[in-house]
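These notes are about the structure you will find just below.
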Amino acid sequence: MSRAAAIVLVLVFLLAAAGPLLASADPNALDLSQAYGAPSLEHLLGQDASGRDLLTRLVFGARTALVGPVLVVVACTLAGTVLALAAVWFGGWFDAVVARVSDALFAFPGLLLAILATALFGAGLTAAAVALSISYTPYLARIVRSAALRERGMPYVSALRVQGLRGVTICLRHILPNIATLIVANATLTFGFALIDLAGLSFIGLGVQAPTADWGAMVGEGLPGIMQRYPQESLYAGVLIVATVAAANLLGDRLTARAEARA
């Protein structure tokens with residue numbers, strides 16, 4: 001199952017990377033005379049309320065749907081890992097400060113913080129991604145800190161310190177590689193959560209803005225079509241979101257189990 005999940009994620013990212021090659025048409029090209037057009041050789045998945053090709057918009061929408069979660073994962077994983085390793089190595093007041101700040105951030109749900117950010121700085125992907133990165137960092141930091149604390153108590157760390165190795169060297173060359181699988185596992189899970197949150201923001205009009213193609217926005221834009229017995233736009237975009245998140249969660253769970261088995 002984990003291999004199938006990895007294949008799904010690879011295919012989704014390939015779809016995003018090769019979008020323009022697979023669908024060279026303009027995703028925003030209007031043809032109001034063909035609103036809710038049925039599938040045809042020219043439009044394999046049909047057309048939306050504005051006559052835009054659904055397949056083209058789904059392909060181009062993969063980019064905007066994935067770039068935000070990837071940025072969130074990279075930012076919060078780097079920040080969380082650095083904070084956790086520093087807190088474990090230095091301990092004392094620094095560890096206490098990191099713990100208190102993390103506890104304070106835990107009080108703000110990620111999606112709520114993203115909504116507040118878009119309200120203050122305007123709707124769009126940037127503000128939401130930054131807010132989610134800040135919100136997810138404590139979760140990554142807490143998990144990495146627990147694993148790093150266990151590693152710091154291992155005999156090999158004491159032996160390395162006796163040899164005169166610096167703390168930074170021990171953390172980067174020895175502790176970090178030993179907990180890398182756990183970090184990757186939680187980064188994969190975070191990707192799924194971020195995708196759901198950003199898609200939800202686009203759905204309610206606070207994320208990616210029209211007419212830019214985006215899976216979450218397409219689910220929202222397709223709601224009027226459901227009332228007219230044309231659910232394809234919302235259905236196709238929703239299926240892609242669910243499949244991607246399910247694959248990320250399954251792969252993350254398997255990697256987590258593997259990391260715990262090695263511990």
Side-chain angles (χ1 to χ4, degrees), residues 2-3 5-6 9-10 13 17 66-108 110 113 126 129-195 197-198 247-263:
S2 58
R3 182 174 300 178
L9 290 177
V10 169
F13 276 94
L66 298 180
V67 66
V70 168
L71 292 176
V72 170
V73 168
V74 171
C76 69
T77 300
L78 287 176
T81 301
V82 170
L83 286 174
L85 290 177
V88 167
W89 192 260
F90 294 112
W93 66 268
F94 186 82
D95 189 16
V97 170
V98 171
R100 298 293 82 77
V101 173
S102 298
D103 290 340
L105 290 176
F106 275 126
F108 295 92
L113 190 61
T126 303
V130 171
L132 288 179
S133 299
I134 295 173
S135 178
Y136 289 158
T137 295
Y139 293 93
L140 269 299
R142 176 168 292 186
I143 293 171
V144 175
R145 179 186 178 278
S146 177
L149 192 61
R150 182 178 60 249
E151 288 294 321
R152 193 179 189 278
M154 293 291 184
Y156 77 87
V157 175
S158 299
L160 292 171
R161 296 185 67 181
V162 169
Q163 295 176 26
L165 268 67
R166 298 174 56 196
V168 174
T169 303
I170 295 175
C171 288
L172 295 181
R173 293 186 180 179
H174 300 278
I175 294 179
L176 185 59
N178 288 337
I179 61 175
T181 302
L182 183 63
I183 294 174
V184 172
N186 283 277
T188 305
L189 292 171
T190 302
F191 171 81
F193 298 145
L195 178 57
D197 286 344
L198 290 174
N249 288 346
L250 178 58
L251 184 59
D253 288 339
R254 292 301 176 90
L255 290 174
T256 300
R258 185 178 302 175
E260 291 176 348
R262 291 179 178 178

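When a residue number appears, it is its place in the shown sequence, counting from 1.
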With D197 via side chain to side chain donor-acceptor pair (under 3.5 Å) - residues at least two apart: Y136

Could you pull out all residues at least two apart from N249 that satisfy side chain to side chain donor-acceptor pair (under 3.5 Å)? none

Between [atom1] of [X] and [atom2] of [Y], what distance do you get to the nearest 0.5 Å?
| X | Y | atom1 | atom2 | value |
| --- | --- | --- | --- | --- |
| L198 | L71 | CG | CG | 9.5 Å |
| L66 | L9 | CG | CG | 9.0 Å |
| N178 | R150 | CG | CZ | 10.0 Å |
| I170 | L85 | CD1 | CG | 12.0 Å |
| L189 | D253 | CG | CG | 5.5 Å |
| L160 | T169 | CG | OG1 | 10.0 Å |

Taking side chain to side chain contact (heavy atoms under 4.5 Å, CB included) as the criterion, tell me which of T190, L132, I134, N186 meets it with C76. T190

Restricting to non-hydrogen atoms, name the atom on [X] and the atom on [Y] that form the minimum distance, rounded to 0.1 Å.
| X | Y | answer |
| --- | --- | --- |
| A248 | T188 | O-CG2, 3.2 Å |
| L182 | A147 | CD2-CB, 3.5 Å |
| C171 | P177 | O-CD, 4.4 Å |
| L250 | A5 | CD2-CB, 4.0 Å |
| I179 | A148 | CD1-CB, 4.2 Å |
| A129 | S133 | O-OG, 2.8 Å |

Results of salt bridge (charged side-chain N to carboxylate O under 4.0 Å, His left out) for R152 - residues two or more places apart only: none

Who are the salt bridge (charged side-chain N to carboxylate O under 4.0 Å, His left out) partners of R100, not counting sequence neighbours? D103

I'd like to know if the side chain of T77 and the backbone of V73 have a donor-acceptor N/O pair within less than 3.5 Å. yes

Do V144 and I183 come close enough that some side-chain heavy atom pair is under 4.5 Å? yes

Residues forming a ring pair (Phe, Tyr, Trp, His ring centres under 6.0 Å) with F94, sequence neighbours excluded: none

Any pair with a residue in residues 79-96 that passes side chain to side chain donor-acceptor pair (under 3.5 Å), sequence neighbours left out, goes on the list, sorted by first then second residue, please. D95-R145

